[in-house]
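One structure below.
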Amino acid sequence: MANPEHPRLIIHDFLSLDLCKELGFIHKSCGTVGYRPNVFSTTLSHLIATNCAHLIMPFVPIRERLKEKVEEFFGCVFELFVEFTGLISWSRGASIGWHSDDNRPYLKQRDFAAVCYLNSYGKDFKGGLFHFQDWEPTTIVPVAGDVVMYTADSRNIHSVDEITDGERLTLTLWFSRDGSHDEDAKLISFLSQSQLHRSIHESHLFLPLPASTKMYWFPPEQASTYESGCDICFARIHALGYNLCFPQDKSCLSALDTSNDFSETLMEPLRLTRGEELLDVEFVNILHVLQAVQFYCWKASELQTFEHEKKINRLPLSQSQREEVNRLKCAFLKDEQLAETLFSCTTRDKCEQHCFNLAGFSAAVAAWEAYCNKLGKEMLMSLPYWKTHQSIFCVPSLGLEEGTET
Ligand SMILES: O=C(O)CCC(=O)C(=O)O
Ligand SMILES: [Fe+2]
């Protein structure tokens, strides 16, 4: 039963560690610059907009379980709508002072919040403790898998300490009693539009399509000049020990030299380099590269047994490729120190972040494709049911709830 003066609930191990890692993969390969300084976010509508609608599938059972739990605990069965779902990460320097989550006129529809911690204090980041102003518990130490639920009103004034190292990651949902703020209805309409020309019977490649380059440029206020800061996708790739260059037959160097609008070059085919070597595989754009390297990071230890036919070779970098790598770095990583501050964690073992073997990486590229195709199929099969019910849910006949936690 909720304490009527401060209705809140903390549940440990609500999400499995693998689910936390999967959502981490989605955020680190699809996120954009967020709404506050040093904050990055991935919304479901952004996933749809970047041709990654299939990546909303892992959220579906979690949203359902969270909504049920909130309804049950706060005593409002079958009353709530999900108003917002998003992955939110905070890097060094981010914090938030005392506030309630409905504290703006445009946020009044928010009745309840659920914050799921996807990584852990002390291991993945420092700082970032959550505090309630009144009543117990006064402090919550974020641990991967735990969730805190509370009413969005002034009975639950809270704050988050400044992050001092690493990247703190959460899945945050807000719930409303007001059906006109139902996120599902908007998402389904957007999804229907975006999937109009797709059919379940065709096999598809679910390749990401970057949004406006401004959404990936940090810090955002300097987006128009591109004179400082970095592209966050580029920075994340770099933080994992990789660099980029163009495919052989392509010379975009002139664009880098002369045009201010060089940012578009990351929307074009790219290849990966590591140290003095080129990995001989072509990606359609920077988001494609980022998904592959983040997937490898997520799954590295499980890929030994994955059977596939994608054998990637490595070649020594030529002098001109080396120059190209450096020029791309100069263009998209104007402030290398800043990128390091945002996306690497000094408490973390660097070897863990940087380990690489070619067979594992080749398997990851193939396994990523299989993963996307599986989710894509499930999404396309679910969509007609979602449209009919105007609600996003696990369609039982598809067995989608198999992978969920209990
Ligand atoms: O991430 C958290 O622990 C809480 C974040 C928060 O208070 C908010 O986004 O309003
Ligand atoms: Fe909050």
Side-chain angles (χ1 to χ4, degrees), residues 2 6-15 19-20 23-24 26-28 31-46 59 62-63 66 69-70 74 82-176 181 183 342 345:
H6 305 287
R8 61 185 68 148
L9 173 67
I10 290 108
I11 308 175
H12 300 288
D13 301 322
F14 188 81
L15 299 180
L19 210 40
C20 294
L23 297 178
I26 293 174
H27 181 67
K28 289 177 183 171
T32 64
V33 169
Y35 56 103
R36 289 154 40 83
N38 300 18
V39 168
F40 304 92
S41 75
T42 308
T43 61
L44 300 190
S45 56
H46 178 75
F59 293 83
I62 307 175
R63 285 165 100 245
L66 282 169
K69 197 74 208 170
V70 170
F74 296 100
V82 179
E83 189 250 6
F84 174 90
T85 307
L87 297 168
I88 301 176
S89 73
W90 305 38
S91 282
R92 201 183 301 191
S95 69
I96 188 165
W98 296 120
H99 69 284
S100 65
D101 285 353
D102 68 353
N103 67 349
R104 296 271 184 283
Y106 59 88
L107 300 176
K108 283 289 168 219
Q109 71 280 0
R110 292 186 173 174
D111 290 307
F112 303 97
V115 180
C116 305
Y117 295 105
L118 302 180
N119 62 8
S120 300
Y121 170 85
K123 178 168 168 266
D124 304 295
F125 60 88
K126 288 188 187 148
L129 295 177
F130 177 106
H131 305 284
F132 282 116
Q133 194 172 46
D134 302 300
W135 205 248
E136 300 288 317
T138 50
T139 296
I140 293 176
V141 179
V143 174
D146 290 0
V147 56
V148 52
M149 298 168 175
Y150 51 89
T151 58
D153 57 18
S154 58
R155 291 175 293 173
N156 280 307
I157 306 274
H158 57 280
S159 68
V160 178
D161 293 345
E162 184 174 323
I163 312 302
T164 55
D165 188 24
E167 187 178 6
R168 175 189 191 269
L169 179 61
T170 60
L171 166 67
T172 300
L173 276 80
W174 279 284
F175 300 91
S176 177
H181 289 278
E183 184 186 45
L342 293 173
C345 179

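Read the numbers this way: they start at 1 and go in the same order the structure lists the ligands and their atoms.
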Contact partition for Ile140 relative to ligand 1, non-hydrogen atoms under 4.0 Å:
neither
So the atoms of ligand 1 within less than 4.0 Å of a heavy atom of Tyr117 turn out to be 2 (C), 3 (O)
Nearest protein heavy atom to atom 8 (C) of ligand 1, by residue and atom, and its distance?
His99 NE2, 3.9 Å
Stepwise, does the side-chain contact (heavy atoms from CB on, under 4.5 Å) test hold for Met149 with Phe74?
CA-CA 10 Å; Met149 298 168 175; Phe74 296 100; 4.0 Å; yes
Contact check, Thr172 vs ligand 1, heavy-atom distance below 4.0 Å
no
When only distance counts, is Trp174 in polar contact with ligand 1, meaning an N/O pair under 3.5 Å?
no
May I ask you to check whether Phe130 and His158 place their ring centers less than 6.0 Å from one another?
yes
Ring of Trp90, cation from Arg36 - is the NZ or CZ under 6.0 Å from the centre and inside 45° of the axis?
yes
Please state which protein non-hydrogen atom is closest to atom 7 (O) of ligand 1 and give its distance, to 0.1 Å?
His158 NE2, 2.9 Å
Vertex the Fe ion (ligand 2), ends Asp101/OD1 and His158/NE2: angle to nearest 10° comes to 100°
Heavy atom of the protein closest to atom 5 (C) of ligand 1 (residue, atom name, distance)
Trp90 CZ2, 3.8 Å
Grab the two heavy atoms, one from Pro137 and one from Phe132, that are nearest each other, plus how far apart they are.
O-CD1, 3.3 Å
Can you tell me which residue among Lys28, Glu167, Arg168 is in a side-chain hydrogen bond (donor to acceptor under 3.5 Å, both in side chains) with Ser89?
Glu167
Taken to the nearest 0.5 Å, the spacing of Arg8 CZ from Ile140 CD1 works out to 8.0 Å
Per-atom contacts of ligand 1 with Arg168, taking only distances under 4.0 Å to non-hydrogen atoms
1 (O), 2 (C), 3 (O)
Atoms in ligand 1 with a heavy atom of Asp101 nearer than 4.0 Å
10 (O)
Would you sort out whether Ile62 and Leu171 count as a side-chain contact (heavy atoms from CB on, under 4.5 Å), showing the intermediate values?
CA-CA 10 Å; Ile62 307 175; Leu171 166 67; 3.8 Å; yes
Could you list which atoms of ligand 1 come closer than 4.0 Å to a heavy atom of Val160?
2 (C), 3 (O), 4 (C)
More than 12 heavy atoms of other residues, nucleotides or ligands under 6.0 Å from CH2 of Trp135: is that the case?
no
